[in-house]
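Accompanying notes for the structure given below.
Below, read A as the first sequence line, B as the second, and so on, with proteins coming before strands; counting in each chain starts at 1. The figures here come from the full heavy-atom set of this structure, side chains too, leaving out hydrogens, waters and symmetry mates.
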Amino acid sequence: MPAFPEIDSLNPAQRDAVLHSGGPLLILAGAGSGKTRVITVKIAYLIRELGISPQSILAVTFTNKAAGEMRARAAAIEPAAHEVMIRTFHSFGAWLLRRNADAAGLDRNFSIYDDDDTISLLRTIFEDEHRGTLATYARLISRAKDYALRPADDLSIVSPDPEFDGIYRAYQERLDQIGNVDFGDLILKPVELLRESDAIRTRVRQRYRYILVDEYQDSNVAQYELLKSLFDESTYVCVVGDDDQSIYRFRGAEVRNILTFSESFPGTTVVKLEQNYRSTGPILDVASAVVKNNSGRLGKTLWTDRTGGMEPTLALLRDQEEEVEYCLRLLRHSPRETAILYRTNAQSRLFETALTRENIAYRIVGSLRFYDREEVKDALSTLKLIANPRDEVSFRRIINKPARGIGSKSVASIVSRLPDARGDCLIAAEAAIGSLPKKAGHSARRFLDVVQEARGSLGSGRLNEFSEQLIRQLGIWEHHEKNDDEITARTKIENLEEFVNAASLYRADTDGLAEFLELIELDRSREADEIADAKVTLITMHNTKGLEFDRVIVTGLEEGPFPRAGDEDPDEIEEERRLFYVAVTRARDELYLTSVSYRRLHGRPMDYVPSRFVGEIPRDLIQISGDLPGPSGGQIDEYPVGSFIYHDDYGTGAITKSWHNGSELVVQVQFENGRVARFLPKYTSLERVAGDVD
DNA sequence: GTCAGAAGGTTTTTT
DNA sequence: ACCTTCTGAC
């Protein structure tokens, strides 16, 4: 056997996973267990050692970033891995549909509609509905597609509304009629195509003999069906995931896919990767102590040979200001790489303000995405219309932007001609010009001239020059440049420049345009302003998946914010607990948890008690700073309702209520100053006093 | 068409 | 608190 040194550097479980062949393989890969290394070595091994053709391997990920990383790392080991089909589920679906556009009933140049576009399309059907209602429809339709449901199916798990199937049907008919797709269709239509066309199904199955799926715990029902339709008995299938890190239920991820994989794919071998190479032992102990409270688990226990390391710290603080100050103190004390994690984006604000004030460079991940910005979407829409004149949503977005006198009546007149124009918006506009009011007709003429000239000039040059000229001629550039607010105007122009710059990698021809559009339609994750050298990262817990940091501060650990209050659906609580697990296992060396007792929510002040997840950490695994530990034991009869206590900050109060929250005793106190607060006596010093409060 | 003020709403997010 | 969306007046 030729040398394959990468294998020697693997631990026994990793090696088993790489060398496995035959039936289906489920790799349960704990956080930080070298999962990507295993997949990439496996791809290289298939090609180099087993002589598998790279073209017959399909590797599927959930994000473009993950796909890019996988490709780079596999190719670093075995250059032929460049030929492997490594794509996201959606990008693979788009690829399949474009290659089989006729059979799928689509135009080869179909546009891909995001949530915003979906709402715009719904607006054309339900003209008088509120935007919020349309957004709800869009969400439900998207969820239905996650579950691989069409209007004719039983939609009750998505919405109890008996009208919903009609709404979904009307939307889908409209979308099919204009020949475009939304994200859900990128998965569902390939499933339908493979079901209906024997020839395509056979061809695709013959091509992909080896299928690998990453982050399988985040797959939804439709993606499971797509995997099933690519699979036959002779296909080698390997999925990698961690049931403890399934955190996308709200957008249709089905943790059951991974929990029941062995039943769906009989003969499955399970390999568990449990050795963690990232975190210290004490950090893993905290993570394990909490996640073990979940019931729906396949069960694995992370371990590490990184002995020692500092004990994680829990800081019980009064309010958000103290929480911010606590983080700043840590940063000043040792300015090492640090991530400040929170449950919702809204919680980032105070940290941003403080870091700016202290002149500490930081990077914020998430917030407003580049391709969601108004000006960028405008530019994008013009290119989409150039590529695909049947893209009615894009046409509507830009036909009267900037305002050029083509009002709603004129637009209605144009789109009423779409059926006769076979859906081509440019032909319909051409036909409508004569009947439009003078100003509208004149503007439409000029708009069409610019667009047609641009279409005619496709074929030479670079796409950046093409795009810039087009959006300047259409007045979009000037429109944003003239924004009342100088700073806003500058930002918008910078964003347009960045958009144009991104296009410079492509040729200004039909193929280059299509490639560029598909890239940005399917990869919206790009951040507008990266600060490369920042040592501090502000990020939601969800966004940290796959990342790691020397020091992690998990903030906002209060009942209400986290786990999020609402229905006490046990599945929901388990999902939040997994999110806690993901957050904690990002830390390499240092872990801090903060919990405040007072926080403003939507401007309203609220009292909070520490998150139940904090209560699930045994006391000997964590150091507590802030309030002094309370009396040990925490027996409910030590705090009978009606007795009086004294609190350092709030003064004297009467206990009005006490109960157990999970394993923790909670007491509610009515203070003399009128405030009502809840405490965990385990953590907060409540001194019993003989009392009269008068 | 534009703008100011009211009203509404508010997890998490990739594709 | 803050941001987006809707509204009515000009």
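Distances shorter than 4.0 Å separate none of the side-chain N or O atoms of A:Asn220 from OP1 or OP2 on B:dT14.
Closest heavy-atom contact between A:Ala67 and A:Ile86: O-CG2, 3.6 Å.
Looking at heavy-atom distances under 4.0 Å, A:Arg600 makes no contact with the nucleic acid at all. Using a 4.0 Å heavy-atom criterion, one finds that A:Asn400 contacts the sugar-phosphate atoms exclusively.
As a whole-Å value, the separation of A:Glu215 CD from B:dT14 P is 13 Å. Taking atom CG of residue A:Asp146 and atom P of nucleotide B:dT14, one finds them 14 Å apart after rounding to whole Å. To the nearest angstrom, C1' of B:dT14 lies 13 Å from NZ of A:Lys65. Separating the CZ atom of A:Arg578 from the C1' atom of B:dT12 is a distance of 13 Å, rounded to the nearest angstrom. Between the CE atom of A:Met606 and the C1' atom of C:dA1 there is a distance of 14 Å, given to the nearest Å. For A:Asp214 and B:dT14, the CG to C1' distance is 14 Å, given to the nearest whole Å. Computed from coordinates, the A:Asp114 CG to B:dT15 P distance equals 12 Å when rounded to whole Å. As rounded to whole Å, 9 Å separates atom P of B:dT12 from atom NE2 of A:His542.
Of the P atoms belonging to C:dT5 and B:dT12, the separation is 16 Å, rounded to the nearest Å.
The distance between the ring centers of A:Tyr342 and A:His542 does not fall below 6.0 angstrom. A centroid separation of less than 6.0 Å is found between the aromatic rings of A:Phe261 and A:Tyr216.
Seen from the ring of A:Tyr598, A:Arg318 does not count as a face-on cation partner, given the 6.0 Å and 45° thresholds.
With C:dC3, B:dT11, B:dG1 as the candidates, the nucleotide lying closest to the side chain of A:Ala403 is B:dG1.
With respect to A:Asp114 and A:Lys377, a salt bridge is recorded, a charged nitrogen being found less than 4.0 Å from a carboxylate O.
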*Checking side chain to side chain donor-acceptor pair (under 3.5 Å) for the pair A:Lys228/A:Gln223: CA distance, chi angles, key distance, verdict?*
CA-CA 9 Å; A:Lys228 269 285 190 185; A:Gln223 288 158 338; over 6 Å; no

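A:Arg599 CZ to A:Thr555 OG1: the interatomic distance, rounded to the nearest 0.5 Å, is 6.5 Å.
Listed by residue number, A:Tyr248, A:Phe250, A:Arg251 are the residues of residues 241-255 of chain A with a heavy-atom contact under 4.0 Å to DNA chain B.
Between A:Lys545 and A:Asp218, the closest side-chain pair of non-hydrogen atoms falls below 4.5 Å.
Taking the six-membered ring where tryptophan is involved, the planes of A:Trp95 and A:Phe92 are essentially parallel, since the angle between them stays under 30° and well short of 60°.
Per the stacking criterion (ring centres < 5.5 Å, plane angle < 30°), A:His90 does not stack onto the base of B:dT14.
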*Contact state string [nucleotides 5-10 of chain C, B base, S sugar-phosphate only, - no protein heavy atom under 4.0 Å]*: SS----

